[in-house]
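Notes for the one structure printed next.
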Amino acid sequence: MKLSSHQSTIRQMKADSVAVFIPEDKKLFKQEIDNLRKSFGKKIDSVVELENFKGKKDEIISILTEGKLNSPRLYLAGVGEIKNLSLEQYRRSAASAAKHAQKLKVKHLAFSLPHFGDSQKDLTAIPSELAHAIIEGAYLSLYKFDKYQTQKKNDKTKIAELSLFDSDEANIRPLKRKLTEVRIVCEATKLARDLSNAPSNEIYPETLAQAAKQSAFRLRRIGYKATVWDKKKIEKEGFGGLLAVNSGSAKEPRFIILEHNKSGEELDTIVLIGKGITFDSGGISIKPSSGMAEMKMDMSGAAAVIGTMEAAARLKLPIHLVGLIPATENLPSGSAMKPGDIIKHYGGITSEVDNTDAEGRLILADVLAYAANYKPKAVIDLATLTGACVVALGQHATGMFGNDEQLMTKLKAAGEKTFERVWQLPLYDEYEKQIKSDIADVKNVGGKWAGAITAAWFLKKFIPKDNEYKWVHLDIAGTAMLDENLPYTPKGGSGVGVRLLVEFLKNWK
Ligand code: BES
Ligand code: ZN
Ligand code: ZN
């Protein structure tokens with residue numbers, strides 16, 4: 001996808017379609033239509049009336065310009081009332097226009113930079129923020145996982161260029177650099193979506209590791225490296241959780257270590273951990289078959305880490321960033337782990353397996369203990385960990401837990417800005433006893449109630465007491481795998497976490 005910015009009036013702008021954002025407020029609505037009438041003539045009034053266009057949120061109309069503008073088609077994209085204007089509204093309105101344009105086989109869609117924001121109030125008055133939101137919404141809305149549809153129409157019918165224009169050169173100048181950033185973030189989100197959506201016969205531990213290696217290889221010159229442990233090395237290091245979960249699978253596990261700025265000794269170290277269950281059948285505690293196919297996406301935490309690492313490297317963020325991914329399938333077989341088994345994790349803590357379907361926490365336990373070796377300033381794990389989190393928060397918020405309020409406040413702010421929102425859930429001491437085991441240090445399930453919280457408590461147990469670090473756990477079970485389309489996120493793997501973490505890391509320090 002080509003992204004560009006142009007100093008141009010709407011009349012001059014040469015694309016297949018130009019799009020103008022229109023607010024619903026009467027006075028502003030009239031002002032915008034009056035403006036358009038200057039280059040367009042009276043026809044605009046009749047079209048707006050005929051289509052009953054009011055500038056409401058996500059409303060969209062398409063008008064043939066019949067030579068009045070240099071571009072053959074004009075979109076009016078409603079953004080609703082000014083008092084509710086937000087970057088998110090621009091993402092959505094831009095997505096409406098882009099999806100409509102895609103259907104009409106438009107190749108180049110150009111957005112006029114809007115000017116309604118209140119600079120006192122929010123970010124919608126800043127051209128580079130607007131540009132980011134508009135291009136991001138349009139770009140991401142066009143995503144489709146269609147590589148296996150052999151009868152699909154060819155790429156020639158897809159939008160190939162998105163651009164922004166404004167008549168004022170001063171507004172356009174800052175956009176050039178911004179567009180590079182937007183491209184990086186969108187491509188990283190697309191990578192995460194592609195990995196999530198890929199079936200488990202394509203993406204399994206070995207191929208997930210290959211994908212991570214390929215990404216690092218492309219960026220080796222800017223200090224991005226990947227190391228992959230095979231089963232032997234995993235055994236040698238004593239990752240008992242990863243090995244136990246893997247024991248039912250015919251495919252070997254992998255442990256993937258991604259590192260950006262490894263040699264930057266003066267830089268702060270931040271560790272990202274992603275759950276990499278490439279298929280979760282539940283194991284011996286097998287899941288019901290309906291909906292099981294979704295569990296190919298149980299490596300969405302890993303996908304988010306791979307996407308974020310790639311973006312951080314391309315953006316050359318001044319941090320030492322480490323990505324850790326334990327990867328395995330969770331399958332039943334004669335050699336599979338069984339309820340009642342006891343595992344010894346990296347670092348020595350033991351856990352009793354009460355339910356083999358609570359496998360994510362078992363593989364994360366080894367890695368949370370291992371992460372302390374990096375002496376990190378912060379550790380953030382992302383995992384499609386519990387159905388209970390989906391029950392609590394649905395698809396519109398990621399569950400957040402942690403041991404440091406400041407770190408959580410920063411993630412919350414990044415979530416509001418990117419609209420990958422996180423919602424803190426409590427880790428009160430009172431929940432801890434639910435995962436007490438009579439025969440091991442801890443049990444992998446906590447009974448009927450507060451399943452997202454007891455899962456987080458299990459993870460917390462593996463942060464070494466004598467080597468503690470600041471930690472946040474993000475339960476993305478609801479937000480990573482969508483069962484309905486959202487404005488710029490088609491159902492399936494959402495790539496959640498990438499935009500959130502890049503925003504968070506950009507503002508580190
Ligand atoms: N991968 C699932 C969690 C999940 C459920 C993700 C639904 C996305 C949608 C996880 O491994 C799991 O099976 N968790 C169990 C834990 C239970 C056995 C304590 C669950 O949530 O049911
Ligand atoms: Zn499971
Ligand atoms: Zn799982």
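All heavy atoms count here, side chains included; hydrogens, waters and symmetry mates do not. Everything quoted here is computed from the prediction, not taken from an experiment. For the single chain, residues carry numbers from 1 onward in sequence order. Just so you know, ligand 1 is whichever comes first in the structure, and atom 1 is the first atom listed for that ligand.
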Problem set entry | Closest protein heavy atom to atom 19 (C) of ligand 1, given as residue, atom name and distance to 0.1 Å | Val445 CG1, 3.4 Å

Problem set entry | Close-contact set for ligand 1 against Asn355 heavy atoms, below 4.0 Å | 18 (C)

Exercise. Nearest non-hydrogen atom to atom 14 (N) of ligand 1 belongs to which of Thr479, Thr384, Leu385, Asn444?
Worked result: Leu385

For this session: Answer yes when Asp441 and Lys461 have at least one side-chain N-carboxylate O distance shorter than 4.0 Å, and no when they do not.
Result: no

For this session: Measure Met297 to ligand 1 on non-hydrogen atoms and call it side chain, backbone, both or neither using the 4.0 Å cut-off.
Result: neither

Exercise. Is the backbone N or O of Val353 less than 3.5 Å from a side-chain atom of Asp341, with the two atoms forming a donor-acceptor pair by type?
Worked result: no

For this session: Please could you name the atoms of ligand 1 that Arg361 approaches to less than 4.0 Å, counting only its heavy atoms?
Result: 16 (C), 19 (C)

Exercise. Is the Phe255 ring parallel, tilted or perpendicular to the Tyr370 ring (thresholds 30°, 60°)?
Worked result: perpendicular

Exercise. Going by the order shown, which atoms of ligand 1 are within less than 4.0 Å of some heavy atom of Lys275?
Worked result: 1 (N), 10 (C), 11 (O)

Seminar exercise, completed: So salt bridge (charged side-chain N to carboxylate O under 4.0 Å, His left out) across residues 301-323, not counting sequence neighbours, yields Glu187-Arg314, Arg218-Glu310

Seminar exercise, completed: Within the 4.0 Å heavy-atom cut-off, what Asp298 brings close to ligand 1 is side chain

For this session: List the closest protein heavy-atom neighbour of atom 21 (O) of ligand 1: residue, atom name, distance to the nearest 0.1 Å.
Result: Gly387 N, 2.7 Å

Exercise. In terms of side-chain heavy atoms, does Asp58 have a donor or acceptor partner in Gln89 at a distance below 3.5 Å?
Worked result: yes

For this session: Using distance alone, determine whether Asp280 and ligand 1 share an N or O pair under 3.5 Å.
Result: yes

Exercise. Is any NZ, NE, NH1 or NH2 atom of the basic residue among Lys443 and Glu352 found under 4.0 Å from an Asp or Glu carboxylate oxygen of the other?
Worked result: no

For this session: Please confirm whether Asp357 comes within less than 3.5 Å of ligand 1 when only nitrogen or oxygen atoms on both sides are compared.
Result: yes

Exercise. Quick one: does Met299 get a heavy atom under 4.0 Å from ligand 1?
Worked result: no

Exercise. For ligand 1, which atoms have a heavy atom of Glu359 less than 4.0 angstrom away?
Worked result: 11 (O)

Exercise. Does the pair Arg499/Glu420 count as a salt bridge with the N-to-O cut at 4.0 Å?
Worked result: yes

Seminar exercise, completed: Scanning both residues in full, the closest heavy-atom pair of Leu267 with Pro318 reads CD2-O, 3.5 Å

Exercise. Going by an N to O cut-off under 4.0 Å, is there a salt bridge joining Glu136 and Arg91?
Worked result: yes

Problem set entry | Polar side chain donor-acceptor pair, Asn330 to Asp280, under 3.5 angstrom | yes

Problem set entry | Location of contacts on Met481 toward ligand 1, heavy atoms closer than 4.0 Å | side chain

For this session: Can you label the angle between the Phe145 ring and the Tyr148 ring as parallel, tilted or perpendicular, going by 30° and 60°?
Result: tilted

For this session: Check the Zn ion (ligand 3) and write out every protein N, O or S atom at under 2.8 Å, as residue and atom.
Result: Lys275 NZ, Asp280 OD2, Asp298 OD2, Glu359 OE2

Problem set entry | NZ/NE/NH1/NH2 to OD/OE distance under 4.0 Å, Lys158 and Asp146 | yes

Problem set entry | atom 7 (C) of ligand 1: nearest protein contact (heavy atom, Å) | Met295 CE, 3.6 Å

Seminar exercise, completed: Check: of Ala477, Cys389, Gly301, min heavy-atom distance to atom 6 (C) of ligand 1 comes from Ala477

Exercise. Can a salt bridge be assigned to the pair Glu202 and Lys147 using a cut-off of 4.0 Å between side-chain N and carboxylate O?
Worked result: yes

